[in-house]
Amino acid sequence: MRVLLVHCHPRPDSFNAALREAAASALEAAGHAVETIDLYGENFDPRLSARERGAYYDESAERPDLAGHIAALRRAEALVLVYPTWWFGPPAMLKGWFDRVWLPGVAFALGGAKVLQPRLTNIRKIAVVTTYGSPRWLLWLVGWPDWRLFRFGIRPLCAPRCRLDWIALTGMDGATEQMRTRFLARLHRRLSVF
């Protein structure tokens with residue numbers, strides 16, 4: 001399967017970078033072809049410009065700086081996102097990637113009033129690999145806002161019955177080396193059968 005792995009963390013020496021490497025390794029060992037986009041590594045600009053916003057609904061608008069990302073998204077049969085959850089959501093860089101790349105004509109089409117037609121039906125599986133500084137009980141209390149974004153916002157733009165796997169380490173701020181090692185092993189197991 002062709003997997004697009006999108007990584008979003010500013011530090012190449014972070015635990016998140018280790019998660020990216022572990023995810024890619026597990027997927028490749030399982031026989032998947034992995035294409036990686038490192039948003040910080042390529043200095044992706046998450047800002048939606050006035051020009052882009054003005055042409056947002058124009059499916060024929062030229063977007064040369066996004067062409068590679070759009071092509072990768074269209075090639076993918078699965079999407080794996082690796083990022084830390086900050087303030088109960090993805091980093092601004094990743095949110096900007098969705099704003100700029102998941103466009104009308106790419107991720108969806110508007111088929112009249114209140115009708116959204118999925119355009120990324122090539123994507124049959126999504127896995128989110130994330131860390132939370134917060135404990136699990138607090139995430140339950142606030143309603144897992146980032147999970148809701150993917151479950152009800154992103155996933156419906158993909159194939160019908162697209163599977164969403166959530167692989168999360170909570171309490172990251174106090175995680176010991178042993179906890180991190182166990183999480184890396186769990187990530188490898190989960191993505192080995194992805």
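Heavy-atom basis, side chains included; hydrogens, waters and symmetry copies ignored.
Separation of atoms OH (Tyr40) and CZ (Arg11) is listed at 12.5 Å; rounding is to 0.5 Å. From Trp86, atom CH2 reaches atom OG1 of Thr130 across 10.0 Å, with rounding to the nearest 0.5 Å. Summarising the geometry, atom CD belonging to Glu35 is positioned 11.0 Å from atom CG belonging to Leu79; distances are rounded to the nearest 0.5 Å. Distance check, rounded to the nearest 0.5 Å: CD of Glu42 to NE2 of His69 gives 3.5 Å. One distance of note links CG of Leu157 with CG of Leu120; it measures 6.5 Å at 0.5 Å rounding. Summarising the geometry, atom OG1 belonging to Thr121 is positioned 11.5 Å from atom CD belonging to Glu77; distances are rounded to the nearest 0.5 Å.
Remark: side-chain polar atoms of Arg100 are paired, donor with acceptor, to backbone N or O of Asp45 under 3.5 angstrom. In this structure, the side chain of Asn122 engages the main chain of Leu73 through a donor-acceptor pair within 3.5 Å. A donor-acceptor distance shorter than 3.5 angstrom exists from the side chain of Arg155 to the backbone of Cys162, with no hydrogens or angles considered.
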As a quick check of understanding, evaluate side-chain contact (heavy atoms from CB on, under 4.5 Å) for Arg124 and Met1, giving each step before the final call. CA-CA 10 Å; Arg124 300 186 317 262; Met1 183 179 330; 4.1 Å; yes
side-chain contact (heavy atoms from CB on, under 4.5 Å) for Arg75 and Leu4? Distances and angles first, verdict last. CA-CA 8 Å; Arg75 275 191 301 272; Leu4 176 60; over 6 Å; no
Go through the steps for Lys125 and Asp165 under the test side-chain contact (heavy atoms from CB on, under 4.5 Å), then give the verdict. CA-CA 8 Å; Lys125 296 180 183 180; Asp165 290 338; 5.9 Å; no
Pair Met172, Thr85 - check side-chain contact (heavy atoms from CB on, under 4.5 Å), show working. CA-CA 10 Å; Met172 176 65 194; Thr85 298; over 6 Å; no
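When the options Val128, Val82, Val129 are evaluated for a side-chain contact (heavy atoms from CB on, under 4.5 Å) with Ile167, the one that passes is Val129.
In this structure, Tyr56 and Asp99 approach most closely via the heavy-atom pair CE1-O, 3.8 Å. Nearest heavy-atom pair across Met93 and Cys8 is CB-SG, 3.6 Å. Of all the heavy atoms in Asp146 and Gly89, the pair that sits closest is CB-CA, 4.1 Å.
Side-chain contact between Cys158 and Ile126: present, with at least one pair of heavy atoms (C-beta onward) separated by less than 4.5 Å. In this structure the side chain of Phe152 reaches within 4.5 angstrom of the side chain of Trp147, judged on heavy atoms.
Cluster annotation: Val101 and Leu110 are assigned to the same hydrophobic cluster (Ile/Leu/Val/Met/Phe/Trp/Tyr, side-chain heavy-atom contacts under 4.5 Å, transitive). Residues Val3 and Leu19 share a single hydrophobic cluster, defined by chaining ILVMFWY side chains whose heavy atoms lie under 4.5 Å apart. A single hydrophobic cluster is seen to contain both Leu164 and Tyr83, as judged by linkage of ILVMFWY side chains at heavy-atom distances under 4.5 Å, directly or through other members.
Atom CG of Asn43 is surrounded by 12 or fewer heavy atoms from other residues, nucleotides or ligands within 6.0 Å.
The aromatic rings of Trp97 and Trp102 sit perpendicular to each other, their planes meeting at more than 60°, with 30° as the lower class boundary. Using a 30° and 60° split on the angle between ring planes, Phe150 and Phe98 fall in the perpendicular class, above 60°.
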Using a 3.5 Å cut-off and no angle test, enumerate the donor-acceptor pairs between side-chain atoms of residues 180-194 and protein atoms at least two apart in sequence or in another chain.
from, atom 1, to, atom 2, distance (Å)
Thr181, OG1, Glu177, O, 2.9
Arg186, NH2, Ala168, O, 2.6
His188, ND1, Ser192, OG, 3.4
Ser192, OG, His188, O, 2.6

